[in-house]
There are 2 protein chains.
Amino acid sequence: MWHEPDQGDAFAPHDHALCQSRALAEAEERLRQQGARLTPVRRRTLEILLEAHRAMGAYEVLDRLAEAGFGRQPPVAYRALEFLVEHGLAHRLQRLNAFAACLHPGEDHAPVFLICRVCDKVAEAHAGNVRSELSSAAGELGFTVERATVEALGLCPACAGRDAE
Amino acid sequence: MWHEPDQGDAFAPHDHALCQSRALAEAEERLRQQGARLTPVRRRTLEILLEAHRAMGAYEVLDRLAEAGFGRQPPVAYRALEFLVEHGLAHRLQRLNAFAACLHPGEDHAPVFLICRVCDKVAEAHAGNVRSELSSAAGELGFTVERATVEALGLCPACAGRDAE
DNA sequence: ATCGAATTGTAATAAGGTAACAAATTGTGG
DNA sequence: CCACAATTTGTTACCTTATTACAATTCGAT
């Protein structure tokens, strides 16, 4: 029924409960190694992102945190989100002013994001080639790439199918 | 002294006055063809971006427009900037919430931006390969790329040189 | 137990962006 | 030239996103 779970492919049908619990387990393991703490706010924030399984604005996350009994002030959400991003457990999507849980933390990845303009789902694509082409194009101008933002807007397979009908 | 002016390479030493006046001339030509009007606010906005030769926030542009006698309200700047972006005369940098003049309008380009984290200058790199790698990585997941944002943060040659000393 | 560091709560405010509508300008057909 | 429609500009009001600063609390290790 489910195909073999590819952690990066949010567009493919898959078992959400499973990918959530795995991401959470990986997060705990990773943070333990780094000596960082997954405190209640941080944990809840990650769960919120994982449950939504899409990009969420900081204020949307904040509302959910408040419902769970945490503070209602922006820094509460921004701090937790920043922590997750710094530790590779979530990503920030510049194009949307939003955040999404990382679906395969642990890998040393600098992902490329695919954002469906219809359903707002976000997938992370493997993109070693994109990065290396970028570095080489930059290198021609003597520029050294340190971090890169690669975000594509378009149509996911499900929405493209619906469109075509 | 100046090497042959490469319009995309903001990092290379070059004659600013020349690249500004050329960009402006190209803008006029392009808009004439499209039947769009380069009104005073729009023209001044483009000049402001060209003079700065770096990315500027909308409110910074707005201040300059106000100095020049135009309205002081955000929509004044946002409308002019949006017009320029729509007509390929400027770009929006998601990563910085900012705008920069396009240095080679007319080419059918979807540029890659190189942003120096030290001096804030922005260059546009030719990036056909980056785009095609992105499309093919997306294609593997069945995703169709319509628009893509590719922005790299790093060190320009001048600042890298200064760093190394 | 206690001290210092990390974390969380809160208030206040800055920065970025848009909606809605009125006034002015421009271009066009009569 | 005049009137009319379309475009452009000005302005008000407001919304969303993000940060600074500081107080209160909790955690961990001596």
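In what follows, chains carry the letters A, B, and so on, assigned in the order in which the sequence lines appear, proteins first and then strands, with residues in each chain numbered from 1.
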Using a cut-off of 4.0 Å between protein heavy atoms and nucleotide atoms, how would you tag nucleotides 16-28 of chain C 5' to 3' with B, S and -? BBBB------S--
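- Shown here are the side chain to side chain contact (heavy atoms under 4.5 Å, CB included) partners of E29(B), two or more places apart in sequence or in another chain: R32(B), Q33(B).
- D120(A) meets the side chain to side chain donor-acceptor pair (under 3.5 Å) test with no other residue; sequence neighbours excluded.
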Sequence neighbours left out, cut at 3.5 Å: what donor-acceptor pairs do the side chains of residues 47-68 of chain B make with other protein atoms?
| residue | atom | partner | partner atom | Å |
| --- | --- | --- | --- | --- |
| E47(B) | OE1 | R44(B) | NH1 | 2.8 |
| E47(B) | OE2 | R43(B) | NE | 3.3 |
| E51(B) | OE2 | R44(B) | NH1 | 3.4 |
| H53(B) | NE2 | H14(B) | NE2 | 3.1 |
| R54(B) | NH2 | E60(B) | OE2 | 2.8 |

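- Legend: side-chain hydrogen bond (donor to acceptor under 3.5 Å, both in side chains) pairs involving residues 130-140 of chain A, not counting sequence neighbours, sorted by first then second residue: E133(A)-N129(B).
- Scanning for salt bridge (Lys or Arg N to Asp or Glu O under 4.0 Å) contacts around R37(A) gives an empty result, with sequence neighbours left out.
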Could you list the donor-acceptor pairs under 3.5 angstrom formed between side-chain atoms of residues 145-161 of chain B and any protein atom two or more places apart in sequence or on another chain?
| residue | atom | partner | partner atom | Å |
| --- | --- | --- | --- | --- |
| E146(B) | OE1 | R117(A) | NE | 2.6 |
| E146(B) | OE2 | R117(A) | NE | 3.4 |
| E146(B) | OE2 | R117(A) | NH2 | 2.9 |
| T149(B) | OG1 | R95(A) | NH1 | 2.3 |
| E151(B) | OE1 | R95(B) | N | 2.9 |
| E151(B) | OE2 | Q94(B) | N | 2.9 |

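- Reading DNA chain D from its 5' end, the first and the last nucleotide to sit under 4.0 Å from a heavy atom of chain A are dT17(D) to dC27(D).
- Phosphate contact (OP1/OP2 of dT7(C), side-chain N/O of R42(A), threshold under 4.0 Å): present.
- At the phosphate of dT8(C), OP1 or OP2 sits under 4.0 Å from a side-chain N or O atom of T39(A).
- Looking at residues two or more places apart in sequence or on another chain, you find a side chain to side chain contact (heavy atoms under 4.5 Å, CB included) between P75(B) and Q73(B), R79(B).
- If you check every strand for non-hydrogen atoms under 4.0 Å, V76(A) touches a base.
- Using cut-offs of 30° and 60° on the angle between ring planes, the pair Y78(A) and F99(A) is perpendicular.
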